[in-house]
Amino acid sequence: MRGWCAYFRPGVSNVAFCYLSHYTWMRVTRWIRRKHPGITWKELRRRYYGGGWWPATEEAELFNPAKVSTTRYRYRGTLIPAPWPTTA
């Protein structure tokens with residue numbers, strides 16, 4: 001996900017990143033609920049979400065695509081070659 005977000009960052013992809021974030025959260029949450037069928041939401045959040053709503057532990061945190069800032073119309077300046085020769 002991190003590489004995909006870095007690749008599509010210079011476009012208009014904020015809605016796609018938010019959708020990907022929601023989809024990832026749902027898949028991970030469903031997997032944890034299936035792994036521990038008798039666990040309550042309070043215990044689940046304390047153990048796997050660090051007390052918040054995004055999966056994080058002391059060692060690692062799940063990458064959140066919604067926090068990736070998009071850049072639009074990156075200025076490239078003189079890196080774009082002119083199609084005509086310069087005359088001095």
Side-chain angles (χ1 to χ4, degrees):
M1 281 192 310
R2 190 179 308 267
W4 185 86
C5 289
Y7 181 79
F8 287 104
R9 183 176 171 222
V12 186
S13 345
N14 190 28
V15 174
F17 290 166
C18 289
Y19 175 76
L20 183 63
S21 173
H22 176 71
Y23 182 79
T24 305
W25 184 85
M26 288 296 294
R27 295 296 296 181
V28 169
T29 302
R30 286 179 184 166
W31 175 70
I32 292 172
R33 296 287 298 212
R34 205 169 41 246
K35 184 178 174 186
H36 302 285
I39 196 171
T40 63
W41 269 105
K42 185 176 180 180
E43 180 68 20
L44 179 111
R45 286 183 60 209
R46 185 190 65 76
R47 190 183 304 179
Y48 293 105
Y49 291 76
W53 286 101
W54 193 254
T57 61
E58 294 174 357
E59 297 87 25
E61 181 177 351
L62 182 66
F63 176 69
N64 189 355
K67 290 187 177 180
V68 174
S69 62
T70 56
T71 58
R72 255 182 112 171
Y73 307 119
R74 184 179 61 190
Y75 177 72
R76 294 186 290 171
T78 58
L79 296 176
I80 301 172
W84 52 87
T86 57
T87 56

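Numbers here simply count residues along the sequence, with the first being 1.
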Is [X] linked to [Y] within one hydrophobic cluster, defined over Ile, Leu, Val, Met, Phe, Trp and Tyr using a side-chain heavy-atom separation of less than 4.5 Å?
| X | Y | answer |
| --- | --- | --- |
| Tyr7 | Leu20 | yes |
| Trp41 | Ile39 | yes |
| Leu62 | Val68 | no |

**Asked** Pick from Tyr49, Tyr48, Trp53: which one makes a side chain to side chain donor-acceptor pair (under 3.5 Å) with Thr29?
**Response** Tyr49

**Message:** Is any side-chain heavy atom of Arg46 closer than 4.5 Å to one of Glu43?
**Reply:** yes

**Prompt:** If we only count heavy atoms from C-beta on, is the Arg27 to Trp31 side-chain gap below 4.5 Å?
**Reply:** no

**Prompt:** Does a sphere of radius 6.0 Å around NE2 in His22 hold more than 12 heavy atoms from other residues, nucleotides or ligands, not counting ones at 6.0 Å or beyond?
**Reply:** no

**Message:** Angle between ring planes, Trp4 versus Phe8, binned at 30° and 60°: parallel, tilted or perpendicular?
**Reply:** tilted

**Item:** Contact summary for Pro65 and Phe17, nearest pair of heavy atoms
**Value:** O-CB, 3.4 Å

**Item:** Heavy-atom closest pair, residues Phe63 and Trp54
**Value:**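 Heavy atoms only, the tightest pair is O-CZ2, 3.4 Å.
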
**Asked** Looking only at atom types and distance, does a side-chain atom of Ser13 sit under 3.5 Å from a main-chain N or O of Ala16, one as donor and one as acceptor?
**Response** no

**Request:** Check whether any side-chain N or O of Arg45 sits under 3.5 Å from a backbone N or O of Gly52 as a donor-acceptor pair, and report yes or no.
**Result:**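 A pair under 3.5 Å: yes.
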
**Request:** Could you tell me the separation between the CZ atom of Arg2 and the CG atom of Asn64, rounded to the nearest 0.5 Å?
**Result:** 10.5 Å

**Item:** His36/Arg47 under side-chain contact (heavy atoms from CB on, under 4.5 Å): CA gap, chis, key distance, verdict
**Value:** CA-CA 11 Å; His36 302 285; Arg47 190 183 304 179; 3.8 Å; yes

